[in-house]
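Keep in mind that the numbers below use all heavy atoms, side chains included, and drop hydrogens, waters and symmetry copies. Within every chain, numbering begins at 1; the chains are lettered A, B, ... in the order of the sequence lines, protein sequences first and strands thereafter.
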Amino acid sequence: MTYDRIYQVIKQIPPGQVATYGQIARIVGDCSARMVGYALAALHDATDVPWQRVINSQGKISLRPDFGAAEQQRQLLEAEGVSFDSYGRIDLAIYGWPGPLGPW
DNA sequence: CTGATGACGGTGC
DNA sequence: GGCACCGCCATCA
């Protein structure tokens, strides 16, 4: 699985923190954020990957509300202590994942 | 094998 | 700050 690399990085995201697609792509070594997004799109409900902690550079959920996953994602993050603003965005300056090794 | 598509990012206007 | 275009690579028809 080519996405395994991406999943491994996402699994390293600690609770209460979120990471952007670009962040993941950068850590993995692949600059193509699309791969990260597509990797998550291939996920299923029963997965060990905390996909809810992966958001776009805007700090928002890219998923359309059609699937209802966005709502689930928001609830999961709120349960971890991540706060959403009135725009439904996350403050990356606070909850942004610094990286697997710490402050980058 | 070719073409189109997709949970995006960055840059330019 | 928002919108348009390009690139990037795996997957599907």
Could you go through nucleotides 1-5 of chain B and list every protein N or O atom that sits under 3.5 Å from one of its N or O atoms, giving the distance for each pair?
none

Could I get the full list of side-chain hydrogen bond (donor to acceptor under 3.5 Å, both in side chains) partners for [X], not counting sequence neighbours?
X	result
A:Ser83	A:Tyr95
A:Thr20	none
A:Gln72	none
A:Arg74	A:Glu78

With [X], which residues qualify under side-chain contact (heavy atoms from CB on, under 4.5 Å), at least two apart?
X	value
A:Ala42	A:Tyr3, A:Tyr7
A:Ala25	A:Val36
A:Asp85	A:Tyr87, A:Arg89

Contact boundaries on DNA chain C for chain A, cut-off under 4.0 Å to non-hydrogen atoms: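 Both ends considered, the range comes out as C:dG7 to C:dT11.
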Residue whose closest nucleotide on DNA chain C lies nearer the 5' end, A:Ser32 versus A:Thr2: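 Counting from the 5' end, the first nearest nucleotide belongs to A:Ser32.
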Position toward the 5' end of DNA chain C (nearest nucleotide), A:Ala33 or A:Tyr3: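 Counting from the 5' end, the first nearest nucleotide belongs to A:Ala33.
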A:Glu71 CD - B:dA7 C1' separation (whole Å):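 That distance rounds to 17 Å.
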Interatomic distance, A:Tyr21 OH vs B:dG10 P [rounded to whole Å]: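 So the two atoms are 14 Å apart, to the nearest Å.
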Contacting residues from residues 77-85 of chain A, given that a heavy atom lies under 4.0 angstrom of DNA chain C: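 Hits under 4.0 Å, by residue number: none.
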Pairwise 5' ranking along DNA chain B for A:Gly22 and A:Met35, keeping only the more 5' one: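 The answer here is A:Met35.
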Under 3.5 Å, sequence neighbours excluded: what are the donor-acceptor pairs made by side chains of residues 50-60 of chain A?
residue : atom : partner : partner atom : Å
A:Arg53 : NE   : A:Glu80 : OE1          : 3.1
A:Arg53 : NE   : A:Glu80 : OE2          : 3.1
A:Arg53 : NH1  : A:Ile13 : O            : 2.8
A:Arg53 : NH2  : A:Glu80 : OE2          : 2.7
A:Asn56 : OD1  : A:Gln58 : N            : 3.3
A:Asn56 : OD1  : A:Gly59 : N            : 3.2
A:Asn56 : OD1  : A:Lys60 : N            : 2.8
A:Asn56 : ND2  : A:Ser62 : OG           : 3.1

Min side-chain heavy-atom separation A:Val18-A:Trp97 under 4.5 Å: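 The answer is no, as the side chains (C-beta and beyond) never meet within the 4.5 Å cut-off.
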Partner residues of A:Glu71 under the salt bridge (charged side-chain N to carboxylate O under 4.0 Å, His left out) criterion, sequence neighbours left out: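 For A:Glu71 there are no salt bridge (charged side-chain N to carboxylate O under 4.0 Å, His left out) partners, ignoring immediate neighbours.
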Closest non-hydrogen atom pair between A:Ala69 and A:Leu63, with its separation: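 What the structure gives for the nearest pair is CB-CD1, 3.4 Å.
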